[in-house]
Amino acid sequence: MLELRPSCEHCNTALPPDSEQAMICTFECTFCSNCVEMVLHNVCPNCGGGFVPRPIRPRHNWKNGNDLSHHPASDKVVHRPVDPEAHARLRVAVGDTPPVRR
């Protein structure tokens, strides 16, 4: 089950569960689309992978309790701003930019 973290790990911008600006990597590292594009260049600073849009969990219980009331978003903030120099080295190591899928 996706953790649905509440904010961007870099800039700490709020990313509520229904945000279309939330992007995740395969390990659920969560960043806003602006940071993914302008700062990270689609390279996760934690694993080196790329990003995809985070799915939106339904607010209503349409079927089998698969909604926010039964599976709430996390309230645990992970805020660790990216070191630009270290990230530049990582981008070179991974071949710069994995493609963004939208």
Side-chain angles (χ1 to χ4, degrees):
M1 176 85 48
L2 284 174
E3 189 176 358
L4 298 181
R5 295 178 185 166
S7 61
C8 175
E9 291 184 30
H10 178 68
C11 71
N12 211 29
T13 294
L15 296 170
D18 62 351
S19 175
E20 294 182 3
Q21 301 305 308
M23 305 287 284
I24 59 172
C25 75
T26 189
F27 292 101
E28 297 182 44
C29 301
T30 304
F31 294 87
C32 67
S33 59
N34 186 59
C35 284
V36 166
E37 294 172 17
M38 305 305 290
V39 177
L40 305 175
H41 303 279
N42 197 42
V43 176
C44 178
N46 303 317
C47 71
F51 291 92
V52 295
R54 182 181 71 188
I56 295 174
R57 188 167 299 153
R59 288 196 176 277
H60 301 287
N61 182 11
W62 300 114
K63 187 173 181 182
N64 301 324
N66 293 322
D67 62 292
L68 277 171
S69 67
H70 290 92
H71 302 282
S74 174
D75 60 0
K76 181 181 123 190
V77 172
V78 178
H79 184 223
R80 47 183 171 211
V82 175
D83 173 335
E85 292 176 7
H87 193 64
R89 290 190 300 273
L90 176 63
R91 287 177 55 206
V92 168
V94 300
D96 202 18
T97 56
V100 176
R101 291 189 310 190
R102 292 187 185 214

Salt bridge (charged side-chain N to carboxylate O under 4.0 Å, His left out) partners of D67, counting only residues at least two apart = none
key: Distance, nearest 0.5 Å, that separates NE2 of H10 from CG of D83   = 10.5 Å
query = Taking only residues two or more places apart in sequence or in another chain, which ones pass side-chain contact (heavy atoms from CB on, under 4.5 Å) with C47?
reply = C25, F27, C44
query = Going through the checks in order, is the side-chain contact (heavy atoms from CB on, under 4.5 Å) test met by T13 and N34?
reply = CA-CA 10 Å; T13 294; N34 186 59; over 6 Å; no
task = Could you tell me which non-hydrogen atom of L68 sits nearest to which non-hydrogen atom of A73, and how far apart they are?
result = CD2-N, 3.9 Å
Straight-line distance of N46 CG to T26 OG1, nearest 0.5 Å = 12.5 Å
task = Check the pair E28, L2 against side-chain contact (heavy atoms from CB on, under 4.5 Å), reporting the backbone distance first and the verdict last.
result = CA-CA 7 Å; E28 297 182 44; L2 284 174; 3.6 Å; yes
ask   = Which atom pair, heavy atoms only, marks the closest approach of L15 to C8?
value = CD1-N, 3.6 Å
Partners meeting side chain to side chain donor-acceptor pair (under 3.5 Å) with S7 (sequence neighbours left out) = N12
ask   = By salt bridge (charged side-chain N to carboxylate O under 4.0 Å, His left out), which residues pair with E3, not counting sequence neighbours?
value = R5
query = Quick one: does M23's side chain get under 4.5 Å of P53's, heavy atoms only?
reply = yes
inquiry  = For E20, give me all partners under side-chain contact (heavy atoms from CB on, under 4.5 Å), at least two apart in sequence or on another chain.
reply    = I56
inquiry  = Side chains of N61 and N66, heavy atoms from C-beta outward: is any pair under 4.5 Å?
reply    = no
ask   = So which pairs with a foot in residues 57-80 pass ring-ring contact (aromatic ring centres under 6.0 Å, His included), sequence neighbours left out?
value = H60-W62
inquiry  = Checking R80 now: which residues fulfil salt bridge (charged side-chain N to carboxylate O under 4.0 Å, His left out) with it, not counting sequence neighbours?
reply    = E9
ask   = Is the shortest heavy-atom distance from the side chain of L40 to the side chain of F51 under 4.5 Å?
value = yes
task = Would you indicate whether the side-chain heavy atoms of H87 and P45 approach each other to under 4.5 Å?
result = yes
query = Say you draw a straight line from OG of S19 to CZ of R54; how long is it, rounded to the nearest 0.5 Å?
reply = 6.0 Å
